[in-house]
Colleague: 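One structure coming up, written as structure tokens, with questions to follow.
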Amino acid sequence: MDQLKPLPELISNDGWRDVDIEAVDEPLVPVDGLHDRIIDRVEYARWEMPGALRRSWVRTGVAERLVNVADALPRGLTVVVWDGYRPIQLQAALFDGYVTELAMVHADWPADAIEEAAARFVTPPSRAAATPPPHLTGGAVDLTLGDANGEPLDLGTGFDVFTDEAGALAFEDIPGDVRDRRRLLFWAMHTQGFTSYHEEWWHFDYGNQFWGLVTDQPAIYSAAPHPESVDVA
């Protein structure tokens, strides 16, 4: 099956900040209600993270493609969204929290080495207009496959588990359900124009600078305005 064909080699996202942005005017839309097979879990709100939203939001172009992904999945499977648009307050909380965690584990590391290691999985919370974190644009989405009831399936790691096993290709040489599910998710998303972040099997991009680097074209999404304040947890 094409849906389960091997994954290709994935390029590093180093250099994404050099990608130009030719911004389009495209609103954020909430994920809930897009499709009966798209489940919004808003994971950071569940974890009560500072700045987390009660709903996941993505750009219209991302939403349209997610609907197509859901339509194309085999019967009995759902798309479970963990995170989309991410306010800068939440981005800062995630980055600072991971820096603190790494500093406790690697007390002998200098501060710049710790921040570099943290940036492997969490983009620093820059407010620079030319280099917005991917989730701040509404063009990045973290998601997984779920069963018919919207319960996440086993894809090898949980969400935001920052280990080597989180890499998109980590299970390519290990036949089994995890590899097959990762392949299914990857190709379902890529067929709709999304690109993958090689360090996180759950992270996909469309229209932002991560996507622009991989596709060799300008990004179309700059930082998106915050949704209505009523949606702040």
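Please read these numbers as outputs of a predicted model, since none were measured by experiment.
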Colleague: Within a radius of less than 6.0 Å around CD of Glu116, do more than 12 heavy atoms belonging to other residues, nucleotides or ligands occur?
Modeller: no
Colleague: So Glu43 and Asp142, do their side chains get closer than 4.5 Å, heavy atoms only?
Modeller: no
Colleague: Could you walk me through whether Arg59 and Leu28 pass the side chain to side chain contact (heavy atoms under 4.5 Å, CB included) test, one step at a time?
Modeller: CA-CA 4 Å; Arg59 296 280 190 153; Leu28 294 170; 4.2 Å; yes
Colleague: Using 0.5 Å steps for rounding, measure from the CD1 atom of Ile21 to the OG atom of Ser222.
Modeller: 6.0 Å
Colleague: Whether the side chain of Thr191 engages the backbone of Ala188 through a donor-acceptor N/O pair (distance < 3.5 Å, no angle test) should be reported.
Modeller: no
Colleague: If you look only at pairs with a residue in residues 123-143, which of them pass as a ring pair (Phe, Tyr, Trp, His ring centres under 6.0 Å), with sequence neighbours excluded?
Modeller: His135-His203
Colleague: Does Arg55 make a cation-pi contact with Trp57, if we ask for NZ or CZ under 6.0 Å from the ring centre and within 45° of the axis?
Modeller: yes
Colleague: Less than 4.5 Å apart, any side-chain heavy atom of Met189 and any of Val69?
Modeller: yes
Colleague: Do the ring planes of Phe162 and Phe121 sit parallel (below 30°), tilted (30 to 60°) or perpendicular (above 60°)?
Modeller: parallel
Colleague: Using ring centroids (six-membered ring only for Trp), state whether Tyr197 and Phe204 fall under 6.0 Å.
Modeller: no
Colleague: Roughly how far, to the nearest 0.5 Å, is OG1 of Thr78 from CD1 of Ile38?
Modeller: 9.5 Å
Colleague: Students often mix this up, so state it plainly: with edges at 30° and 60°, are the rings of His190 and Trp187 parallel, tilted or perpendicular?
Modeller: perpendicular
Colleague: Test of understanding: with side-chain hydrogen bond (donor to acceptor under 3.5 Å, both in side chains), list the residues that count as partners of Ser12, not counting sequence neighbours.
Modeller: Asp14
Colleague: Once you measure the plane-to-plane angle for Phe159 and Trp202, does it fall in the parallel (<30°), tilted (30-60°) or perpendicular (>60°) bin?
Modeller: perpendicular
Colleague: If I take atom OG from residue Ser196 and atom CG from residue Asn13, how far apart are they, to the nearest 0.5 angstrom?
Modeller: 9.5 Å
Colleague: Could you walk me through whether Asp32 and Arg54 pass salt bridge (charged side-chain N to carboxylate O under 4.0 Å, His left out), step by step?
Modeller: CA-CA 11 Å; Asp32 58 312; Arg54 293 192 180 96; over 6 Å; no
Colleague: Is a side-chain donor-acceptor pair under 3.5 Å present for Asp71 with Asn68?
Modeller: no
Colleague: Check Arg120 against Glu199 and note the closest heavy-atom contact, atom names and distance.
Modeller: NE-OE1, 3.0 Å
Colleague: Taking Glu26 for the side chain and Gly61 for the main chain, is one N or O donor matched with an acceptor at less than 3.5 Å?
Modeller: yes
Colleague: Using a 3.5 Å distance criterion without hydrogens, assess whether the side chain of His35 forms a donor-acceptor pair with backbone atoms of Arg37.
Modeller: yes
Colleague: Strictly distance-based, threshold 3.5 Å: is any side-chain N or O of Arg181 a donor or acceptor partner for the main-chain N or O of Asp154?
Modeller: yes
Colleague: Would you say Val81 and Ile39 make side-chain contact, with heavy atoms under 4.5 Å?
Modeller: no
Colleague: Out of curiosity, Thr195 OG1 to Trp211 CH2, how far, rounded to the nearest 0.5 Å?
Modeller: 8.5 Å
Colleague: Quick one: does any side-chain atom of Thr137 pair with a main-chain N or O of Ala223 as donor and acceptor, under 3.5 Å?
Modeller: no
Colleague: side-chain hydrogen bond (donor to acceptor under 3.5 Å, both in side chains) with Thr157: which residues, sequence neighbours excluded?
Modeller: Trp201
Colleague: So does Asp25 have more than 12 non-hydrogen atoms from other groups sitting under 6.0 Å from CG?
Modeller: no
Colleague: Looking only at heavy atoms, which two atoms of Ser126 and Pro133 are closest? And how far apart?
Modeller: O-CD, 3.2 Å
